Amino acid sequence: MDNEVWTKMDYYFDERLVGEDPPLKAAVEATRAAGVPLIQVSPTQGKLLMVLAAAIGARSILEIGTLAGYSTIWLARALGPGGRVVTLELRDKHAEVARANLQRAGVADRVQVRVGRALDVLAQLAREGAGPFDLVFIDADKAGYPDYLTASLKLSRPGTLIIADNVVRDGRVLDEATSDPDMRGIRRFIDLVSAEPRLTATAVQTVGEKGYDGFAIAVVDRARSPSGQA
Ligand code: SAH
Ligand code: DHB
Ligand code: MG
């Protein structure tokens, strides 16, 4: 079994379970045309985010790392009535392309794109009393993941689902001695999740058209690991 089989399998699920999706296709085309990197989640991964958000009946979602709004569209589609997504993006150009994509996808009314360094905007959100969010999707610079986890916990409640993208990176995360700030960030993030008594967490490795990667998935409080105190 190899990469080619994973990719074919992913295309098969795209076709059967995701299907043609003109607004998302247009979003990817606009992202490409604008010269924004094509590093968004894959269709099956985006739909996983939507399924998870729908399963918990999410009404408020925080996303850290908008890029051009591809994952944002999937998350926004899961929202119940009156729901909202707040999504954070460093780069003006990415935010601009994202806003156009969100508009075209018909979810702009439910999404607030906030431009700036995520850590600064997260502190602002806490000051504004913007939380608690039902779901947080962490997908910005990997070196920042440890700080984003701490800030996300401050914007959470028991039951909040915290999902982080790119926790495998072809297995490069395994290298304890790595000097790559992204890999170090992810390893530190996993250590923090592991040490955090308020979190019950796992990780799901993914293969497919985006290669070999994975998601960390954690729930705040409420659920307890078998050894934990209720
Ligand atoms: N969630 C998107 C992909 C995000 S890519 C999707 O799947 O569709 C990561 C994004 O994080 C990039 O757009 C990058 O500009 C942004 N980013 C990087 N560092 C950041 C920071 N410090 N604060 C906010 N956004 C940041
Ligand atoms: C890449 C992929 C991602 O999902 C991301 O958030 C950042 C970078 C990449 O493939 O380089
Ligand atoms: Mg990612």
Side-chain angles (χ1 to χ4, degrees), residues 3 7 10 18 21 23-32 34-50 52-53 61-78 85-102 104-105 107 111-125 135-152 162-173 180-183 185-186 189 203-217:
N3 217 308
T7 306
D10 213 9
V18 181
D21 198 321
L24 283 176
K25 198 172 170 199
V28 172
E29 281 320 308
T31 307
R32 194 194 315 276
V36 173
L38 289 168
I39 54 173
Q40 69 278 354
V41 293
S42 70
T44 49
Q45 291 172 343
K47 197 157 184 188
L48 171 65
L49 296 175
M50 182 191 179
L52 291 172
I61 297 176
L62 173 63
E63 178 178 63
I64 307 172
T66 313
L67 190 69
Y70 183 88
S71 53
T72 322
I73 293 169
W74 279 115
L75 289 165
R77 285 174 169 176
V85 180
V86 178
T87 183
L88 315 187
E89 175 53 51
L90 177 65
R91 294 175 187 273
D92 274 316
K93 181 180 164 182
H94 293 186
E96 195 183 304
V97 178
R99 287 192 180 107
N101 285 337
L102 293 162
R104 206 182 297 105
V107 296
V111 182
Q112 184 184 38
V113 183
R114 303 212 12 183
V115 180
R117 289 179 57 234
L119 208 51
D120 297 337
V121 181
L122 287 163
Q124 270 168 33
L125 287 170
L135 187 155
V136 182
F137 179 47
I138 301 176
D139 195 20
D141 57 305
K142 314 310 165 198
Y145 274 31
D147 286 340
Y148 301 150
L149 179 67
T150 304
S152 297
I162 299 179
I163 306 171
D165 193 23
N166 309 116
V167 300
V168 174
R169 305 263 69 195
D170 287 309
R172 291 199 301 282
V173 170
D180 181 331
D182 288 350
M183 298 312 122
I186 292 165
F189 169 84
V204 179
Q205 302 187 64
T206 57
V207 292
E209 62 189 81
K210 243 195 121 180
Y212 173 37
D213 217 323
F215 292 104
I217 305 179

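Start at 1 and go down the list; that is how both ligands and their atoms are numbered. None of the values given here were measured: they were computed from a predicted structure.
Among protein heavy atoms, the minimum distance from atom 5 (C) of ligand 2 is reached at N166 OD1, 3.2 Å. Scanning the protein heavy atoms around atom 8 (C) of ligand 2, the nearest turns out to be I39 CD1, 3.6 Å.
Checking each of Q45, Q205, R169 against D213 for a side-chain hydrogen bond (donor to acceptor under 3.5 Å, both in side chains) leaves exactly one that passes, namely R169. Of the candidates I162, L135, L122, L75, L62 forms a side chain to side chain contact (heavy atoms under 4.5 Å, CB included) with just one, namely L122. Considering N166, D182, D165 as possible partners of K142, the one that fulfils the side-chain hydrogen bond (donor to acceptor under 3.5 Å, both in side chains) test is N166.
Using a non-hydrogen distance threshold of 4.0 Å, R169 registers as a contact of ligand 2.
The shortest N/O to N/O separation between A140 and ligand 2 does not fall below 3.5 Å.
Protein N/O/S atoms closer than 2.8 Å to the Mg ion (ligand 3): D139 OD1, D165 OD2, N166 OD1.
Contacts of D213 with ligand 2, taken as heavy-atom pairs under 4.0 Å, are absent altogether.
For A216 against V167, the heavy-atom pair with the smallest separation is N-CG2, 3.6 Å.
Heavy-atom proximity to K210, at under 4.0 Å, picks out these atoms of ligand 2: 2 (C), 3 (C), 4 (O). Remark: ligand 2 atoms within the under-4.0 Å shell around heavy atoms of K142 are 5 (C), 6 (O), 7 (C). Taking a cut-off of under 4.0 Å to the non-hydrogen atoms of D165, the atoms of ligand 2 that pass are 4 (O).
Ring orientation note: the planes of Y70 and W74 are nearly perpendicular, at an angle over 60° on the 30°/60° scale. Using the six-membered ring where Trp is involved, Y145 and F189 have ring planes that are perpendicular, over 60° apart on the 30 and 60° scheme.
With 3.5 Å as the limit, one finds no donor-acceptor pair spanning the side chains of T31 and Q40.
Protein neighbours of ligand 1 below 4.0 Å, counting non-hydrogen atoms: I39, Q40, V41, E63, G65, T66, L67, Y70, S71, E89, L90, R91, H94, G116, R117, A118, F137, D139, A140, D141, Y148.
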| request: For the pair N3 and Y212, evaluate side chain to side chain donor-acceptor pair (under 3.5 Å) and give the outcome as yes or no after the intermediate values. | output: CA-CA 8 Å; N3 217 308; Y212 173 37; over 6 Å; no

